[in-house]
> 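So that we are looking at the same thing, I have put the structure below in structure tokens.
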Amino acid sequence: MLETYIGVLLLGVVYGFFVGLIPVAGATTGLIAVYAFVGYFEDPYMLVVFTTAIVVTSSIGDSFCGVVMNVPGAGGAAATMIDGFPMSQRGEAARALSAAISTSWINGLIWGLLVFLFLPWYTKIVLYFGIREMFTFLIFAMTCVVFISSKYWVRGFIALIAGFMVGHIGMDPETASSCWTMGWDYLGDGIQMIPVMAGVLAFPELLSAYRMKAEKIFLDNALIKSQLIQGIKDSWKYKWDGLRGGFIGGFIGLIPGIGGNIADWFAYSQTVAAAGKHADKDAYGIGKGNVRGVIGCEGANNAQKATSYVPTILFGIPGAPFEVIVMGLLMYVGLELGTPSVLADGVFFDHLLSSYLASLIIILPIAYLFIKYAVKITNVPFRWYFWPILASLIWSCTQYTGLIEDYYMFAICCAVGVALKYLKFSRVSFLIGFILSARIEKSYLQFSGLYEWSDLFTSWLPPTFLALAVAAAIWGLFFNKAKIDFV
């Protein structure tokens, strides 16, 4: 059995690193493709090991495309491109990659230990959450999703409501009557998660990357070793930028639904602010090919991935879009995150910790050694990746019934995703509303059936979450300079 687990771990490491290398793919797209193979996992804990390895190693791999091709491996890696690619253009690709890998890895280790080593003890937090606490926590989470993750909060709110409504399509659990199915029997059990995630989140990014022209650079093999060492030294020299980025990523990962995009961009903006006009003696300022810019945003990379597991596991509320896929995959094998059975499962936490740390240890030498071949692999035209990735998404989405309706649903979700992206409606808000629709309704009905609104102020936690929601809305409206418009 141990040999099988090790094999699954190594497979997850290799697969995760590979999908990280593919432009705009990242953990989310890589995890969606796993749905087609869930039945091959004999033990549910093997899937825990496999998905964790994918998350860890794709975070390391997605830096390569940004630095070498000026195309993001995933949304969060876009910030790395700003300084990483100019470094590559002047022949310092290996230095930029080494600094990115070192910073991301050390922050992943620090925050991974803080999260996974103590996660069984964090479960005691759930004991303080009753109906009122969970209801106000959901209000706080929804506020963060709408006001922080996108520039367009009105459109974000509309997308959230739309996702909530789509999540209610199917059979009404109370009356057993059809709800918004429009007479289509296929929708009787509701819209499945996979076509929504693949069509709304992954397909629009694939389409954008297909039309994106990657810029190519060349790597001098004679300088790789010296630049690799220099990159490690840079990580130490600017360690406070990396650690600050890690803290930002770690904090944002705890907030449900925000994801890595805002974490990386916010970490980068704080690095620029901290550097000042005369803080760096290098010839190139931040934004023009300075290694400090690479280190600042890469610090948030793995840190955010680690801490986003906290709300996902404790409350069943995804801390990032990729966590939605993790939740769905584990639910298929009987591990429903946020439930008492999982929170009391010591074996689950042991596998989570061991697979996270083992993946980090294994991927570090692989990533350093791969720098030599980075240009050859990442300069492959994206159109060669596009069709296999699209085929894997279609295959994953058509496992529900195997009939033509599966293809129709995937096509509809793709059209919705492209429309949301083009019109700048937050796709993350839509997805969070869709995934949490049943939980939001249940929480509201429980609260309204047992309490009055004045009861929210009879204990300290509900008012705290409401105050945080107000603060998040104010900060998102007036002070957040790191918001993005492509999620």
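Numbers here are sequence positions counted from 1.
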> What distance do Leu97 atom CG and Ile60 atom CD1 have between them, rounded to the nearest 0.5 Å?
11.5 Å
> Can you list the steps and then say if Leu9 with Thr52 is a side-chain contact (heavy atoms from CB on, under 4.5 Å)?
CA-CA 9 Å; Leu9 175 72; Thr52 306; over 6 Å; no
> Is the closest side-chain heavy-atom distance between Ile394 and Thr398 below 4.5 Å?
yes
> Got a sec, which residues hit ring pair (Phe, Tyr, Trp, His ring centres under 6.0 Å) with Trp395, two or more places apart in sequence or on another chain?
Phe37
> Between Phe85 and Val67, is there a side-chain heavy-atom distance shorter than 4.5 Å?
no
> Please set out all donor-acceptor pairs under 3.5 angstrom arising from side-chain atoms of residues 317-330, sequence neighbours excluded.
unit_1 : atom_1 : unit_2 : atom_2 : d
Glu323 : OE2    : Ser308 : OG     : 3.1
Glu323 : OE2    : Tyr309 : N      : 3.3

> Does Lys233 make a cation-pi contact with Trp236, if we ask for NZ or CZ under 6.0 Å from the ring centre and within 45° of the axis?
no
> For Phe118, what residues pass the ring pair (Phe, Tyr, Trp, His ring centres under 6.0 Å) criterion, not counting sequence neighbours?
none
> Does any non-hydrogen side-chain atom of Leu243 lie less than 4.5 Å from one of Ile106?
no
> I'd like to check Leu337 versus Leu314 (side-chain heavy atoms, cut-off strictly below 4.5 Å). Are they in contact?
no
> Would you confirm whether Thr51, through its side chain, and Val48, through its main-chain N or O, come within 3.5 Å as a donor-acceptor pair?
yes
> Roughly how far, to the nearest 0.5 Å, is CH2 of Trp475 from CG of Leu468?
13.5 Å
> Restricting to non-hydrogen atoms, name the atom on Val115 and the atom on Ala306 that form the minimum distance, rounded to 0.1 Å.
CG1-O, 3.6 Å
> Would you say the side-chain atoms of Trp153 pair up with the backbone N or O of Leu477, donor to acceptor, closer than 3.5 Å?
no
> Which is it for Ser63 and Asn301 under the side-chain contact (heavy atoms from CB on, under 4.5 Å) test, yes or no, and what are the steps along the way?
CA-CA 9 Å; Ser63 301; Asn301 196 348; 4.1 Å; yes
> With sequence neighbours left out, what residues match Ile158 under side chain to side chain contact (heavy atoms under 4.5 Å, CB included)?
Val154, Phe425
> Nearest 0.5 angstrom please: Ser104 OG to Gln304 CD, how far?
11.0 Å
> Under the side-chain hydrogen bond (donor to acceptor under 3.5 Å, both in side chains) definition, can you give me all pairs with a residue in residues 2-26, not counting sequence neighbours?
Tyr5-Asp43
> Quick check: do Val294 and Asp234 have side-chain heavy atoms less than 4.5 Å from each other?
no
> Listing request: all salt bridge (charged side-chain N to carboxylate O under 4.0 Å, His left out) pairs with a residue in residues 244-256, at least two apart in sequence or in separate chains.
Asp241-Arg244
> Run the side chain to side chain donor-acceptor pair (under 3.5 Å) test against Ser102 and tell me which residues pass, sequence neighbours left out.
Tyr368
> Val55 and Ala27: which non-hydrogen atoms are nearest, and at how many Å?
CA-CB, 4.5 Å
> Considering non-hydrogen atoms only, spot the tightest contact between Ile435 and Met193 and give its length.
CD1-CG, 3.8 Å
> Taking the inter-plane angle between the rings of Phe140 and Phe137 on a 0 to 90° scale, is it parallel (under 30°), tilted (30 to 60°) or perpendicular (over 60°)?
tilted
> Looking only at side-chain N and O atoms, does Thr57 offer a donor or acceptor that is under 3.5 Å from a partner on Ser359?
no
> Not counting sequence neighbours, which residues clear side chain to side chain donor-acceptor pair (under 3.5 Å) with Ser58? List them please.
none
> A side-chain contact here means heavy atoms from C-beta on lying under 4.5 Å apart; do Leu393 and Leu206 qualify?
yes
> Checking the side chain of Gln227 only, and the main-chain atoms of Ala94 only, is there a donor and an acceptor separated by less than 3.5 Å?
yes
> Can you see which heavy atom on Gly242 is nearest to which on Asn107, and at what distance?
O-ND2, 3.2 Å
> Please round to the nearest 0.5 Å and tell me the distance separating atom CZ of Phe349 and atom CG of Leu353.
11.0 Å
> Is the backbone N or O of Leu360 less than 3.5 Å from a side-chain atom of Trp105, with the two atoms forming a donor-acceptor pair by type?
yes
> Please round to the nearest 0.5 Å and tell me the distance separating atom CG of Asn302 and atom OG1 of Thr307.
10.5 Å
> Could you check Ile229 against Ile232 for side-chain contact (heavy atoms from CB on, under 4.5 Å), going step by step and ending with a plain yes or no?
CA-CA 5 Å; Ile229 296 172; Ile232 296 174; 5.6 Å; no
> Atom CZ in Arg292, atom OG1 in Thr271: separation rounded to 0.5 Å?
7.5 Å
> Side chains of Glu298 and Thr80: any donor to acceptor distance under 3.5 Å?
yes
> For Arg95 and Ser226, indicate whether the former's side chain and the latter's backbone hold a donor-acceptor pair under 3.5 Å.
no
> Side-chain contact, heavy-atom cut-off 4.5 Å: Leu352 with Phe348?
yes
> Any side-chain to backbone donor/acceptor pair from Arg90 onto Gly289? Under 3.5 Å, distance only.
yes
> Do Leu160 and Met142 pass the side-chain contact (heavy atoms from CB on, under 4.5 Å) test, and can you show the C-alpha distance, the side-chain angles, and the key distance before you say yes or no?
CA-CA 8 Å; Leu160 181 72; Met142 298 304 102; 3.7 Å; yes
> Can any side-chain N or O of Arg427 pair as donor or acceptor with the backbone N or O of Leu201 at less than 3.5 Å?
yes
> Can you name the ring pair (Phe, Tyr, Trp, His ring centres under 6.0 Å) partners of Phe41, sequence neighbours left out?
Phe50
> Considering residues at least two apart in sequence or located in another chain, which fulfil the ring pair (Phe, Tyr, Trp, His ring centres under 6.0 Å) criterion with Tyr356?
Phe116
> Please report the shortest heavy-atom distance between Ala162 and Phe430, naming the atom on each side.
C-CE1, 3.9 Å
> Would one find more than 12 heavy atoms of other residues, nucleotides or ligands at under 6.0 Å from atom CZ of Phe386?
yes
> Would you say Tyr122 and Ile313 make side-chain contact, with heavy atoms under 4.5 Å?
no
> Residues in side chain to side chain contact (heavy atoms under 4.5 Å, CB included) with Ala473, at least two apart?
Thr143, Phe147
> How close do Ile248 and Ala267 get, heavy atom to heavy atom, and via which atoms?
CD1-CA, 3.8 Å
> Might you confirm whether atom CZ of Phe157 has over 12 heavy atoms from other residues, nucleotides or ligands at distances under 6.0 Å?
no
> Using only heavy-atom distances, determine whether the side chains of Asp83 and Tyr268 contain a donor-acceptor pair under 3.5 Å.
yes
> Which residues pass the side chain to side chain contact (heavy atoms under 4.5 Å, CB included) test with Cys397, not counting sequence neighbours?
Ile194, Pro195, Ala198, Phe410
